[in-house]
Each structure stands twice: as C-alpha cells, then as structure tokens.
Amino acid sequence: MQTSPPKPPPAARVLQLATASWMAAAVSAAAELGVADALAGGARPVDEIARSVDAHPPTLYRLLRACAAIGLFEEREGRVFVLTEVGDALREDSPHSMRNFARWVGLPADRNSWAGLVGSVRTGDPAFERVHGQDVWDYMRDRTDVSTVFDDAMSEASRQLIAPVVDAYDFGGIDTLVDVAGGHGALLAAILAVNPDTRGLLYDRPEVVAGAKQTFQDRGVDDRAEIVAGDFFDSVPAGADAYLLSNVIHDWDDEQSLKILTNCRRALAEGGRVLLVEAVMPQRDEPSPTVTLMDLNMLVLCGGKQRTETEFAELFGRAGLRLTRIVRAGLHSVVEAVRA
C-alpha cells in the first residue's frame with residue numbers, strides 16, 4: 001500500500017515558497033544564456049557548453065547543477081549534461097518554446113517590479129511605474145531590446161492557449177473576425193486555418209504587426225488575412241461579425257477596459273459578438289494558484305486584473321454589451337458577449 005510523502009513542516013514550506021524566486025532566476029539565466037539550444041544536439045560536457053554560451057565553466061556548472069535538480073537538465077558522469085523533456089521547451093526553435101517568457105521574467109523590467117508588490121497592495125497602483133519611473137507601455141516603447149523580448153514572450157504564452165481555444169469554441173459562421181491587439185497573429189491564423197470561410201483582420205500597434213505577415217503565410221491563410229495598424233483606444237475597424245481580444249482586457253483597469261469594449265460594441269455588425277480569451281478568476285471554493293498569481297502580476301505591471309464571471313458581466317453591461325456564455329478552454333476561457 002502506497003502512502004503519501006509526509007508534508008514538510010510549516011517553516012520548511014514557507015522557506016520553499018519564499019525561495020521560489022531563486023528557482024525562477026536560475027531558469028531565466030539558463031534561458032538567457034541559451035543553454036538548451038547548446039544541448040539541442042545531445043549530451044555535452046560543461047566545458048563545451050560554456051564555450052558555446054560564453055560562460056565561465058565552473059560557474060556554469062553550478063547553474064546547470066541547480067537546473068538539473070529542478071528537472072530542466074540531467075547530469076551524467078563527468079559533468080556531462082543532457083536536455084530533459086521540460087528543458088527542451090527552453091530551446092528557441094522548439095514548437096513548445098517558452099524561452100523568451102523565461103527570459104522576460106528574469107529581466108529587471110519584470111523582476112524589479114515585483115519588489116514593489118507591497119506598495120501596490122497598499123495603494124492599489126501598479127508597481128512598475130513607481131519602480132521604473134514610467135508606465136510599462138512607455139517603458140517598452142523607449143527600450144526596443146526589452147519590448148522585443150516581451151512581445152516574443154507574449155507570443156509564446158499565447159501559443160499555449162491556441163489549440164484549447166480553437167478546439168473549444170466554434171468560430172464557424174463568422175464571416176469576418178477582427179483580432180484586436182492580436183500581436184503577431186498566431187491565434188487568428190490558427191482560427192482561419194480551420195475555418196476556411198472566415199476572413200480575418202489583425203489589428204495592433206504598427207511595431208507589433210510589422211512581423212505578422214509571415215505568420216499568415218506559414219499557415220497558408222494570408223489570402224484571407226488583412227493587417228491593419230492602429231490604437232484600440234481610438235477605434236477598431238468597423239463592420240465585423242466578431243471582435244476577438246485575447247489576454248487584452250486583463251491588462252487594463254475597468255475604465256480603460258470600458259473604452260476598448262465600447263469601441264468594439266460600436267464597431268460590431270448587426271448580430272455580432274465580442275469574444276474575450278481570458279483566465280477567468282474562479283470562485284472562492286475552487287482556488288487556482290496560477291490565476292490568482294496572474295492577477296497579482298497584472299497589478300504589479302500595469303494595474304490590470306483577472307476578473308470573475310460577475311465582474312465580466314458588469315463590465316460588459318457598462319459597455320452596452322451582454323454576457324451570453326463562457327466556454328472553458330483549458331486554463332483560459334472564451335467569454336462571449338453581444339449587444340445588450
């Protein structure tokens with residue numbers, strides 16, 4: 001008869017939780033150095049890896065030993081390391097790559113912002129501006145080296161929700177779908193690929209959509225995809241059957257979200273719908289550490305938040321919309337609304 005391993009005593013458990021940031025920093029360092037890419041061809045001794053990633057061999061060994069202890073790599077005799085299935089997701093060209101997301105959470109832009117969490121809890125204001133002297137969006141515009149990592153990180157995170165969303169929600173019957181703030185267009189391209197009668201329009205900032213054309217070409221849907229640059233606080237392209245916003249509304253407080261949703265409602269064709277892809281905050285009796293920590297992340301970075309079903313319904317109502325249903329799609333859901 002198997003028995004569960006004993007729970008650590010409370011002090012040990014607090015120590016585990018409080019030092020989780022150390023583990024995250026080690027993962028970020030391995031991602032920044034490109035260790036997984038150096039191991040893509042198979043097992044290599046630490047001295048060879050160090051030459052590939054321009055690192056100090058004895059110190060790199062200490063990092064790889066720590067990363068092996070948490071399952072990213074496997075250490076073999078003679079200080080030889082090999083990728084694990086988890087570590088493979090740190091390769092730049094892995095179809096499941098999260099390398100840039102791991103890099104992002106290790107950059108001062110993100111890591112230092114979390115040091116301001118207490119101040120945010122006291123004031124309700126985002127920590128980012130207090131820590132860095134600019135809001136997150138102005139900061140990104142002024143530092144393309146950081147914004148490139150951030151945009152790639154968000155694209156990687158978005159790829160993880162694509163299959164569940166496309167599988168869970170029926171996009172059939174939509175003639176024209178506008179993906180508002182859709183980044184490089186990965187989700188829109190996937191939807192078009194399985195809905196051959198749907199046309200798509202990607203709408204985002206000029207510097208973001210500049211790299212989107214290749215996404216549609218790679219999926220063979222570029223003949224049905226249009227790319228338009230603009231600002232969703234001003235307007236969105238009018239006359240579409242559906243407006244899709246994936247992990248957008250959680251970036252903003254209620255007043256800013258209201259402007260975006262009101263613009264979408266004004267642009268809707270008759271009988272159209274607004275679709276939000278969001279991690280819906282669960283009820284108190286079904287806790288989700290992932291979603292609740294995502295909520296704190298939005299607070300720290302930009303003053304946004306993850307919302308409950310009730311909060312979405314209230315926000316939609318203020319924008320002249322009515323929540324019709326929520327379709328679960330893995331960690332995320334498709335939150336659907338129509339004109340009220």
Any side-chain heavy-atom pair of [X] and [Y] under 4.5 Å:
{"X": "L63", "Y": "L33", "result": "yes"}
{"X": "D152", "Y": "T148", "result": "yes"}
{"X": "V194", "Y": "V166", "result": "yes"}
{"X": "D110", "Y": "N297", "result": "yes"}
{"X": "L331", "Y": "M294", "result": "yes"}
{"X": "P126", "Y": "D135", "result": "no"}
{"X": "L276", "Y": "F316", "result": "yes"}
{"X": "V274", "Y": "R265", "result": "no"}

Open item on the list: Check E278 with K305, please: is the shortest side-chain N to carboxylate O separation under 4.0 Å?
Closed with: no

- [ ] Identify whether the distance between the nearest side-chain nitrogen and carboxylate oxygen of R91 and D93 falls below 4.0 Å.
- [x] yes

Residues, nucleotides or ligands: over 12 heavy atoms within 6.0 Å of [X] [atom1]:
{"X": "R62", "atom1": "CZ", "answer": "no"}
{"X": "D223", "atom1": "CG", "answer": "yes"}
{"X": "R79", "atom1": "CZ", "answer": "no"}
{"X": "Q256", "atom1": "CD", "answer": "yes"}
{"X": "F216", "atom1": "CZ", "answer": "yes"}

If the condition is salt bridge (charged side-chain N to carboxylate O under 4.0 Å, His left out), which residues does [X] pass it with, not counting sequence neighbours?
{"X": "R141", "result": "D138"}
{"X": "E314", "result": "none"}
{"X": "R307", "result": "D254"}
{"X": "E226", "result": "none"}

Task: Where at least one partner belongs to residues 6-32, residue pairs that pass salt bridge (Lys or Arg N to Asp or Glu O under 4.0 Å), sequence neighbours excluded - done: E32-R103

TODO: For residues 232-248, pull every pair meeting salt bridge (Lys or Arg N to Asp or Glu O under 4.0 Å), keeping only residues two or more places apart or in separate chains.
DONE: none

Open item on the list: Tell me which one of L39, L83, V35 satisfies side chain to side chain contact (heavy atoms under 4.5 Å, CB included) with R44.
Closed with: L39

Task: Intermediate values then yes/no, side-chain contact (heavy atoms from CB on, under 4.5 Å), R318 and E255 - done: CA-CA 10 Å; R318 293 178 62 194; E255 294 310 311; 2.7 Å; yes

Task: By ring-ring contact (aromatic ring centres under 6.0 Å, His included) - contacts of F128 (at least two apart) - done: H132, Y139

Suppose clustering is done on Ile, Leu, Val, Met, Phe, Trp and Tyr with side-chain heavy atoms closer than 4.5 Å. Which residues sit in the same group as [X]?
{"X": "V131", "answer": "none"}
{"X": "V338", "answer": "none"}
{"X": "M298", "answer": "none"}

Side-chain donor-acceptor contacts of residues 322-329 below 3.5 Å, not counting sequence neighbours, with atom names and distances?
{"unit_1": "T324", "atom_1": "OG1", "unit_2": "E336", "atom_2": "O", "d": "3.1"}
{"unit_1": "T324", "atom_1": "OG1", "unit_2": "E336", "atom_2": "OE1", "d": "2.6"}
{"unit_1": "R325", "atom_1": "NE", "unit_2": "E336", "atom_2": "OE1", "d": "3.2"}
{"unit_1": "R325", "atom_1": "NE", "unit_2": "E336", "atom_2": "OE2", "d": "3.3"}
{"unit_1": "R325", "atom_1": "NH2", "unit_2": "E336", "atom_2": "OE2", "d": "3.4"}
{"unit_1": "R328", "atom_1": "NE", "unit_2": "G330", "atom_2": "O", "d": "2.9"}

Open item on the list: Tell me every residue that passes side-chain contact (heavy atoms from CB on, under 4.5 Å) with K213, counting only those two or more places apart in sequence or in another chain.
Closed with: Q217, I227

Spell out, as yes or no, whether a donor-acceptor pair under 3.5 Å connects the side chain of [X] to the backbone of [Y].
{"X": "S113", "Y": "V300", "answer": "no"}
{"X": "Q306", "Y": "A279", "answer": "yes"}
{"X": "D204", "Y": "G183", "answer": "yes"}
{"X": "E48", "Y": "P45", "answer": "no"}
{"X": "S333", "Y": "V335", "answer": "no"}
{"X": "T84", "Y": "L72", "answer": "yes"}

Open item on the list: Is there a path of hydrophobic side-chain contacts, each under 4.5 Å between heavy atoms, that joins W252 and M281?
Closed with: no

Open item on the list: If you apply the rule side-chain hydrogen bond (donor to acceptor under 3.5 Å, both in side chains), what do you find for N100 with E92, and how did you get there?
Closed with: CA-CA 8 Å; N100 287 294; E92 185 74 39; 3.3 Å; yes

Task: Intermediate values then yes/no, side-chain contact (heavy atoms from CB on, under 4.5 Å), L275 and Y243 - done: CA-CA 6 Å; L275 308 172; Y243 290 80; over 6 Å; no

Just verifying a value: how many Å separate [X] [atom1] and [Y] [atom2], rounded to the nearest 0.5 Å?
{"X": "D231", "Y": "Y203", "atom1": "CG", "atom2": "OH", "value": "6.5 Å"}
{"X": "S158", "Y": "H184", "atom1": "OG", "atom2": "NE2", "value": "10.0 Å"}
{"X": "D175", "Y": "T198", "atom1": "CG", "atom2": "OG1", "value": "7.0 Å"}

Task: Evaluation steps, side-chain contact (heavy atoms from CB on, under 4.5 Å), between D151 and R205 - done: CA-CA 12 Å; D151 288 340; R205 304 188 315 273; 4.2 Å; yes

